[in-house]
Amino acid sequence: MRAHGVEAMSIGFLVEQDTPMIWRGPMATSALTQLLTETLWGDLDYLFVDLPPGTGDIQLTLAQKIPVAGAIVVTTPQDVATLDARKALKMFEKVHVPVLGIVENMAVHVCRQCGHVEHLFGQGGGERMAAQYGVPLLGSLPLEIAIREQGDAGTPIVAAAPDSAAAQAYRRTALQLAARLAARPKAAMPIASSLV
């Protein structure tokens, strides 16, 4: 699937919408390898693999079989989320995949009516984690209804409202990530993986 200059591939594109993928590890890792190596990608600048949370078979297969340029650890600010994100970060370190940085999702909510700023999921969890592990905080992304609405409509917030604060946060984060990736030695295939 292609939209807004981005190509996407998912096992979800190959099955009926309500069909669950009930697979053990070997089947899931085989599907991952097949999606990465047998998709007719265009001329990509980057290939991002959005991984499920955790440190299981999928993550290990990616680290061992694919030349990964770096990992991005995505978390929300609350402690319970950073606990999982810390495990993911340490797993990538153990399998010698450089961690490019941390992205803090749903970091802040600003009320559309009154402008009140609220940290619904806590504050600074990603920043503390980045400082503890010596990796940069690439960005903090807001919790905003327009992001969900535009995503559901098929137009990302950076295209629908490019001057909005949310779009600027995504753009800053992307620029930070691109700069970190550009500073890395070149891999045979530029892939960055992200964990939520």
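Nothing here was measured: the structure is a model prediction, and the numbers come from that model.
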Distance, nearest 0.5 Å, that separates [atom1] of [X] from [atom2] of [Y]:
X	Y	atom1	atom2	result
Thr29	Lys65	OG1	NZ	6.0 Å
Leu32	Ile11	CG	CD1	10.0 Å
Met106	Thr76	CE	OG1	5.0 Å
Leu44	Thr39	CG	OG1	10.0 Å
Leu36	Thr61	CG	OG1	10.5 Å
Tyr133	Glu93	OH	CD	8.0 Å

Taking [X] for the side chain and [Y] for the main chain, is one N or O donor matched with an acceptor at less than 3.5 Å?
X	Y	value
Ser10	Gly12	yes
Gln168	Asp163	yes
Ser30	Pro26	no
Arg172	Ala167	no
Arg2	Glu7	no
Arg112	Ala146	no
His119	Gly124	no

Is there side-chain contact between [X] and [Y], with at least one heavy-atom pair below 4.5 Å?
X	Y	result
Val103	Val73	no
Thr75	Arg86	no
Thr155	His4	yes
Met27	Met21	no
Arg184	Pro98	yes
Ser164	Ile157	yes

Nearest non-hydrogen partners of [X] and [Y], listed with the distance:
X	Y	value
His109	Leu143	CD2-O, 3.1 Å
Ala178	Tyr46	CB-OH, 3.7 Å
Asn105	Pro77	O-CD, 3.4 Å
Arg180	Leu138	CG-CD2, 3.8 Å
Pro156	Gly154	CD-O, 4.0 Å

Residues in side-chain hydrogen bond (donor to acceptor under 3.5 Å, both in side chains) contact with Ser140, at least two apart in sequence or another chain: Glu104
[Y] reachable from [X] in the ILVMFWY side-chain graph, under 4.5 Å edges:
X	Y	answer
Ile147	Ile145	no
Val6	Phe13	no
Tyr170	Val110	no
Leu51	Leu83	no
Val108	Leu120	no

Step by step, work out the side-chain contact (heavy atoms from CB on, under 4.5 Å) result for Leu35 and Leu14. CA-CA 11 Å; Leu35 286 174; Leu14 305 176; 4.2 Å; yes
Check the pair Met129 / Leu89 against side-chain contact (heavy atoms from CB on, under 4.5 Å), numbers first and verdict last. CA-CA 10 Å; Met129 186 177 154; Leu89 187 146; 3.9 Å; yes
Are there over 12 heavy-atom neighbours, none belonging to Gln78, within less than 6.0 Å of that residue's CD? yes
Check whether more than 12 heavy atoms from other residues, nucleotides or ligands sit under 6.0 Å from atom NE2 of His96, and answer yes or no. no
With Ile72, which of Ile102, Leu177, Val135 fulfils side chain to side chain contact (heavy atoms under 4.5 Å, CB included)? Leu177
